[in-house]
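Have a look at the structure below, then the notes.
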Protein chains: 2
Amino acid sequence: MVHAVKMPFKPAMKAPRPMSDEALALIARRFAVLAEPMRLRLLHALFAGEKSVNELAELTGGTQANVSRHLQTLAHAHMLGRRKEGLQVFYAIADPSIFKLCELVCGSLEKSLSKQAGVFAQ
Amino acid sequence: MVHAVKMPFKPAMKAPRPMSDEALALIARRFAVLAEPMRLRLLHALFAGEKSVNELAELTGGTQANVSRHLQTLAHAHMLGRRKEGLQVFYAIADPSIFKLCELVCGSLEKSLSKQAGVFAQ
DNA sequence: GCTTTATATGAGCATATAGTTATACATGGT
DNA sequence: ACCATGTATAACTATATGCTCATATAAAGC
């Protein structure tokens, strides 16, 4: 069943290292956290500095409950830090790689969308 | 209802630009495509160069049907290119930003996991 | 044209997760 | 102690998506 495959270009070097299931799950989980518009909206709002839950709810137009949930998701993924001050809880971006991640994705998206542009212009 | 909020640190500069719903949906979608272990496994296998569907199925241990589906998802997101040659279809990484994305995520993950390490060691 | 091989796709099931509403918890003021 | 405010959580519904099995499509050889 080992069908002799033509190798058109690259000489078929084996994949570097197999990558454990656990590692893949962790990476996938990290991407999944970033795969929700509301969470991206929250991150975007936090680019300017830390904010309270209610502030974020107002800025993003989400309900308090939903925003709180998403903030927790982001915090559990160590992307946000949490600071309690009196009645309020302030969240802030804790993982600086978030900025680069978003830059990368936005950049490659702008490329593949340069035709139907306008979406990012604003 | 505009509760006067104490601004502990940063002087509350407004978020740069509101970011349209469409843009956010596109970015979220892109992250979602990367948020599945099997797709990450496929991308990882393709780091070494283009491969056919069956090759990838064998390498990843997935069924032909499932691998084909995931490859399509990746291709529709413009992350993979597709080349047909005879009976076989070869997929290859088309978006170089993928490499940097994975590097970034792996890097920040290794940091936050340096304690329980070993997952990435292999 | 028929068969074989490689890939794609349709249908169905199972699971995960986003959103809502209502309520609980916590803190500060009176 | 009580009440007001800010945040978290529980229960539920709706939707999306991954996986499997079976089948369809497409190309190559006979």
Side-chain angles (χ1 to χ4, degrees), chain A residues 1-8 21 24-25 28-43 46 50-77 80-92, chain B residues 1-8 21 24-25 27-43 45-46 50-77 80-92:
Chain A
M1 255 30 134
V2 183
H3 40 287
V5 177
K6 261 200 277 188
M7 254 310 147
D21 286 10
L24 284 172
R29 176 64 196 151
R30 198 155 184 89
F31 280 123
V33 169
L34 296 171
E36 288 302 316
M38 178 55 92
R39 285 198 284 270
L40 292 178
R41 201 182 289 282
L42 290 168
L43 286 173
L46 289 170
E50 73 171 3
K51 293 189 172 47
S52 72
V53 177
N54 266 341
E55 274 184 279
L56 288 167
E58 287 178 14
L59 280 173
T60 61
T63 65
Q64 181 269 323
N66 200 28
V67 166
S68 174
R69 266 198 178 332
H70 282 303
L71 290 172
Q72 263 187 104
T73 299
L74 289 162
H76 284 147
L80 296 186
R82 207 186 104 113
R83 186 175 68 83
K84 196 163 188 178
E85 181 175 310
L87 282 179
Q88 318 195 38
V89 175
F90 291 90
Y91 286 89
Chain B
M1 255 21 152
V2 183
H3 41 287
V5 176
K6 262 200 277 188
M7 253 312 145
D21 287 10
L24 284 172
I27 300 174
R29 175 63 196 153
R30 199 157 185 88
F31 280 122
V33 169
L34 296 171
E36 288 301 317
M38 177 55 90
R39 285 199 283 271
L40 292 178
R41 201 181 289 281
L42 290 168
L43 286 173
L46 288 171
E50 72 171 6
K51 294 189 171 49
S52 72
V53 178
N54 266 342
E55 274 184 280
L56 289 167
E58 289 177 12
L59 280 173
T60 61
T63 66
Q64 182 270 323
N66 200 28
V67 165
S68 174
R69 276 200 144 72
H70 283 303
L71 290 171
Q72 263 188 102
T73 299
L74 289 162
H76 284 148
L80 295 186
R82 207 187 104 113
R83 187 175 67 85
K84 196 163 188 177
E85 184 174 309
L87 282 180
Q88 317 195 37
V89 175
F90 290 90
Y91 286 90

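Protein chains get the first letters and strands the later ones, always in sequence-line order, with residue 1 at the start of each.
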Nearest-Å distance, CD (E55(B)) to C1' (dT7(C))? 14 Å

T60(A) side chain vs L56(A) backbone, donor-acceptor pair below 3.5 Å: yes

How far does CZ of F31(B) sit from CD of E36(A), to the nearest 0.5 angstrom? 12.0 Å

Once salt bridge (Lys or Arg N to Asp or Glu O under 4.0 Å) is applied, do any residues pair with R30(B), and if so which ones, sequence neighbours excluded? D95(B)

Verify the contact: side-chain N or O of R29(B) to OP1 or OP2 of dA16(D), cut-off strictly under 4.0 Å; return yes or no. no

On DNA chain C, compare the nucleotides closest to T73(A) and V53(B); which residue's is nearer the 5' end? V53(B)

Distance, rounded to the nearest Å, where L56(A) contributes CG and dT7(D) contributes P: 9 Å

Enter the distance from Y91(A):OH to L71(A):CG here, rounded to the nearest 0.5 Å. 5.5 Å

Just to verify, what does A32(A) make a side chain to side chain contact (heavy atoms under 4.5 Å, CB included) with, not counting sequence neighbours? R29(A), A35(B)

Between atom NZ in K51(B) and atom P in dA6(C), what is the gap in whole Å? 17 Å

Establish, with yes or no, whether the OP1 or OP2 oxygen of dA6(C) is under 4.0 angstrom from a side-chain nitrogen or oxygen of R82(B). no

Scan nucleotides 24-30 of chain D nucleotide by nucleotide, 5' to 3', and note B when protein non-hydrogen atoms come under 4.0 Å of the base, S if they reach only the sugar-phosphate, - if neither. --BBS--

Can you list everything that forms a side chain to side chain contact (heavy atoms under 4.5 Å, CB included) with A65(A)? Sequence neighbours excluded, please. T63(A)

Let me confirm one number: the CG-CZ distance from L42(A) to R39(A), rounded to the nearest 0.5 Å. 9.0 Å

Rounded to whole angstrom units, what separation is found between the NE2 atom of H76(B) and the P atom of dT17(D)? 14 Å

Report the distance from atom CD of E58(B) to atom C1' of dA6(C), rounded to the nearest whole Å. 12 Å

Assess whether side chain to side chain contact (heavy atoms under 4.5 Å, CB included) is satisfied between L34(A) and I27(B), documenting all intermediate values. CA-CA 9 Å; L34(A) 296 171; I27(B) 300 174; over 6 Å; no

Counting only side-chain nitrogens and oxygens, does Y91(A) get under 4.0 Å of the OP1 or OP2 atom of dG6(D)? no

In whole angstrom, give the distance that lies between atom CZ of F90(A) and atom P of dG6(D). 11 Å

Give a yes/no on whether any side-chain N or O of N54(B) is located under 4.0 angstrom from OP1 or OP2 of dT7(C). yes

Gap between atoms CD and P, on Q88(B) and dA8(C) respectively (whole Å): 11 Å

For M38(A) and dT17(C), what is the distance between atoms CE and P respectively, to the nearest whole Å? 18 Å

For A77(A), all residues meeting side chain to side chain contact (heavy atoms under 4.5 Å, CB included), sequence neighbours excluded: V33(A), M79(A)

Would you say R39(A) reaches dG19(C)'s phosphate, i.e. side-chain N/O to OP1/OP2 under 4.0 Å? no

Contact residues, residues 62-70 of chain A to DNA chain D [heavy atom, < 4.0 Å]: Q64(A), A65(A), S68(A), R69(A)

